[in-house]
Amino acid sequence: MQEETMRSQAALMEQCQKNKELMAFIKERLDDAKTSVMINDANSGDALFRYNAKIMMKPASTMKLLTAGAALDYLGGHYRFATALYTTGEIDGSVLNGDVYLKGSGDPTLNRDKLNSLAYSLKQQGITTVNGRLYGDDLLFDNQLLTPGIWKHDESEYYAAPITALTMSPNGEYDTGSIIIDITANKIGKKPRIDITPSCGDLVIINNARTVKNRASLTVERKYKSNEIIVSGCIEVNETQRKWVTVKNPTTYTLALLKEEMKHHGIQMKKNKKMTQKKIPKYAELRKIVRSETLNQLLIPFMKLSNNGIADILTKTMGVEIYRQGTTEAGLHVVKSFLANLEIDEETWIFEDGSGMSHKNGVTTKTMNDYLYKIQHKEWFNEFIVSLPVAAKQKRLVGGTLRDRLGAKTTAYKVRAKTGSLSAVNTLAGYLETQTGRKLLISVYVEDAVGTIEDIDKIVEWIAKNY
């Protein structure tokens, strides 16, 4: 008994010494920053190290850990989004004497192929002319296309894309609410060629750029609250640059692309000068439904690549499914209920969005680690942890935002964590296996300083080597 007590005391003294050394290491690297660090044993939940762990900090994109967990808990891993095509009126020969409606539920995987499938379904039913209009029913979500944390100068950036219940994605990574612009320079003094993916739709491209001999700066920006995308500056000859830019209104953009797909299949719209939002009449006839991947599958691009659009869509979808309100506020109420059910103190967090873009979000590192510990017992935890970025794994949809980080021997492939970044904010939270095989929960949050990603990584590497 006495020998066991002595071993326990020795272990405690060793732990205290490690904590002192870690504290000194943190202060050495981040003395001028506001910093919070929490370490727990992943198996027992026991706290091993605390540094400002009860101070409210900006989580940045580690907020997505909470949003993803709530979505898995309330929606389920097999949840799918649906987009449906309806018509009204009667078909006379090959003429539909009525309107076409596209109804969305927020599918972040909605793409041109799916629109093509919907348009083709009309052709299969013998329709070549629509003597009516094209409407979008996006009323499942509210009209707040941007979350409160989006600043004016961010509006054209892909990470601040607007969302509606009819939001297109240009690629397989589901950069919802944005388009991809490829600018190719072929001849000095001439304007470069511009290619749009998926299509220009209802956007207007203004090409003010020039091709020059030597490299120069090129700017692509959507004019504030406008459909005009302005390409300006200079691009070097024989160079191609790729840019992502947001659309103004995802619903009207999606309808414009559906109209193009209908035209591609030989279907003419007779009265469609303006495509608008409108609720589907009860008497409308369902023509076809296309569905998204499952939530479990969506978690990969969402968490690995820190996709803000998917976060915002999931937040509003939770609001719809639980409270019949497609608002960010209702969705966040679901997240808060989820944390309350985990018996996590509601005084330790403040949320304004589900993506982490808002500087008004707040959470303590103690709360984050409590959360990471408790969800290990959830039936969906395996799907959750697989979705987290893996340190130093180079495949984009495996390593994600950690693919070029934490490459030291002690941390490579041994850290599964969500990262976060805002102006003067860097964060990391997740799971770590130390070099001795011990499994830890770690949260490291830094504010009021720039260029701190390397400092965070060095702290995580120190923990992996010494705990």
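What's counted below: heavy atoms across the whole structure, side chains too, no hydrogens, waters or symmetry copies. This chain uses plain numbering: 1 for the first residue, then up along the sequence.
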(request) Please step through side chain to side chain donor-acceptor pair (under 3.5 Å) for the pair Lys58 and Thr427, ending with a clear verdict. (result) CA-CA 8 Å; Lys58 297 174 184 178; Thr427 58; over 6 Å; no

(request) Any chance you could lay out the side chain to side chain donor-acceptor pair (under 3.5 Å) test for Thr365 and Ser36, step after step, and finish with the verdict? (result) CA-CA 7 Å; Thr365 53; Ser36 176; 2.7 Å; yes

(message) Please enumerate all residues that pass salt bridge (charged side-chain N to carboxylate O under 4.0 Å, His left out) together with Lys393, with sequence neighbours excluded.
(response) none

(request) Could you check whether the rings of His333 and Tyr323 sit parallel, tilted or perpendicular, using 30° and 60° as the cut-offs? (result) tilted

(message) Any carboxylate oxygen within less than 4.0 angstrom of a Lys/Arg side-chain nitrogen, looking at Asp457 and Arg405?
(response) yes

(message) If you define the side chain from C-beta out and look only at heavy atoms, does anything of Lys114 sit under 4.5 Å from Thr83?
(response) no

(request) Without swapping roles, check the side chain of Asn466 against the backbone of Lys18 for a donor-acceptor pair under 3.5 Å. (result) no

(request) State which residue, out of Val390, Thr411, Thr419, fulfils the side chain to side chain contact (heavy atoms under 4.5 Å, CB included) condition with Leu402. (result) Thr419

(request) Output the distance between atom CG (Leu218) and atom CD (Glu236), rounded to the nearest 0.5 Å. (result) 12.0 Å

(request) Determine whether Thr317 and Tyr79 make a side-chain contact, defined as any pair of heavy atoms from C-beta on separated by less than 4.5 Å. (result) yes

(message) Please determine whether side chain to side chain donor-acceptor pair (under 3.5 Å) holds for the pair Lys191 and Asn208, giving the CA-CA distance in whole Å, both sets of side-chain angles, and the decisive distance to 0.1 Å.
(response) CA-CA 7 Å; Lys191 291 183 177 182; Asn208 293 331; 5.0 Å; no

(request) Nearest 0.5 Å please: distance from the CG atom of Leu255 over to the CG atom of Asp202. (result) 8.5 Å

(message) As a test of understanding, state which of Asn249, Val245, Ile181, Ile229 forms a side chain to side chain contact (heavy atoms under 4.5 Å, CB included) with Leu203.
(response) Ile229

(message) Looking at Asp195 and Thr197, would you say the former's side chain and the latter's main chain have a donor-acceptor pair under 3.5 Å?
(response) no

(request) Evaluate the side-chain proximity of Thr147 to Ile150: yes if any heavy-atom separation is below 4.5 Å, no if none is. (result) yes

(request) Would you sort out whether Tyr431 and Phe381 count as a ring-ring contact (aromatic ring centres under 6.0 Å, His included), showing the intermediate values? (result) CA-CA 12 Å; Tyr431 303 87; Phe381 179 70; 5.6 Å; yes

(message) With side chain to side chain contact (heavy atoms under 4.5 Å, CB included) as the criterion, how do Asp404 and Gln394 come out once you've worked through the C-alpha distance, each side chain's angles and the decisive distance to 0.1 Å?
(response) CA-CA 7 Å; Asp404 296 321; Gln394 287 301 298; 3.4 Å; yes

(request) Give a yes or no on whether a salt bridge exists between Lys316 and Asp142, defined as a side-chain N under 4.0 angstrom from a carboxylate O. (result) yes

(message) Walk me through whether Asn369 and Ser443 qualify under side chain to side chain donor-acceptor pair (under 3.5 Å).
(response) CA-CA 7 Å; Asn369 276 21; Ser443 292; 2.6 Å; yes

(request) To the nearest 0.5 Å, tell me how far Arg222 CZ sits from Glu157 CD. (result) 10.5 Å

(message) Could you measure the distance from the NZ atom of Lys54 to the OG1 atom of Thr348? Nearest 0.5 Å is fine.
(response) 10.5 Å

(message) Is there a side chain to side chain contact (heavy atoms under 4.5 Å, CB included) between Leu110 and Thr254? Walk through the geometry before answering.
(response) CA-CA 9 Å; Leu110 184 62; Thr254 300; 3.9 Å; yes

(message) Which residue is it: Asn52, Val363, Asn426? I am looking for the one with a side chain to side chain contact (heavy atoms under 4.5 Å, CB included) to Tyr445.
(response) Val363

(request) Would you confirm whether Thr211, through its side chain, and Ala185, through its main-chain N or O, come within 3.5 Å as a donor-acceptor pair? (result) no

(request) Side-chain contact test, heavy atoms from C-beta onward, threshold under 4.5 Å: evaluate it for Val335 versus Thr315 and give yes or no. (result) no

(request) Could you tell me if the ring centre of Phe351 sits under 6.0 Å from that of Phe338? (result) no

(message) If I take atom CD1 from residue Ile344 and atom CG from residue Leu66, how far apart are they, to the nearest 0.5 angstrom?
(response) 7.5 Å

(message) Please enumerate all residues that pass ring-ring contact (aromatic ring centres under 6.0 Å, His included) together with Tyr467, with sequence neighbours excluded.
(response) none

(request) Could you tell me whether His78 atom NE2 has more than 12 heavy atoms of other residues or ligands within 6.0 Å of it? (result) no

(request) Using the salt bridge (charged side-chain N to carboxylate O under 4.0 Å, His left out) rule, collect all pairs that involve residues 366-388, keeping only residues at least two apart or in two chains. (result) Asp73-Lys378, Lys366-Asp370

(message) Before you tell me yes or no, could you show the steps for Asp312 and Ser355 under side chain to side chain contact (heavy atoms under 4.5 Å, CB included), namely the whole-Å CA-CA distance, both residues' side-chain angles and the distance that decides it to 0.1 Å?
(response) CA-CA 6 Å; Asp312 294 335; Ser355 68; 3.8 Å; yes

(message) Working note: Thr109 + Gln297, criterion side chain to side chain contact (heavy atoms under 4.5 Å, CB included); need CA distance, chi angles, decisive distance, verdict.
(response) CA-CA 11 Å; Thr109 74; Gln297 293 169 312; over 6 Å; no

(message) Keeping Asp41 on the side-chain end and Ser44 on the backbone end, is there a donor-acceptor pair under 3.5 Å?
(response) yes

(request) Please answer whether the main-chain N or O of Ser169 pairs with a side-chain N or O of Asn111 as donor and acceptor at a distance below 3.5 Å. (result) no

(message) I'd like to know if the side chain of Glu346 and the backbone of Lys336 have a donor-acceptor N/O pair within less than 3.5 Å.
(response) no

(message) Nearest 0.5 angstrom please: Met303 CE to Ser61 OG, how far?
(response) 9.5 Å

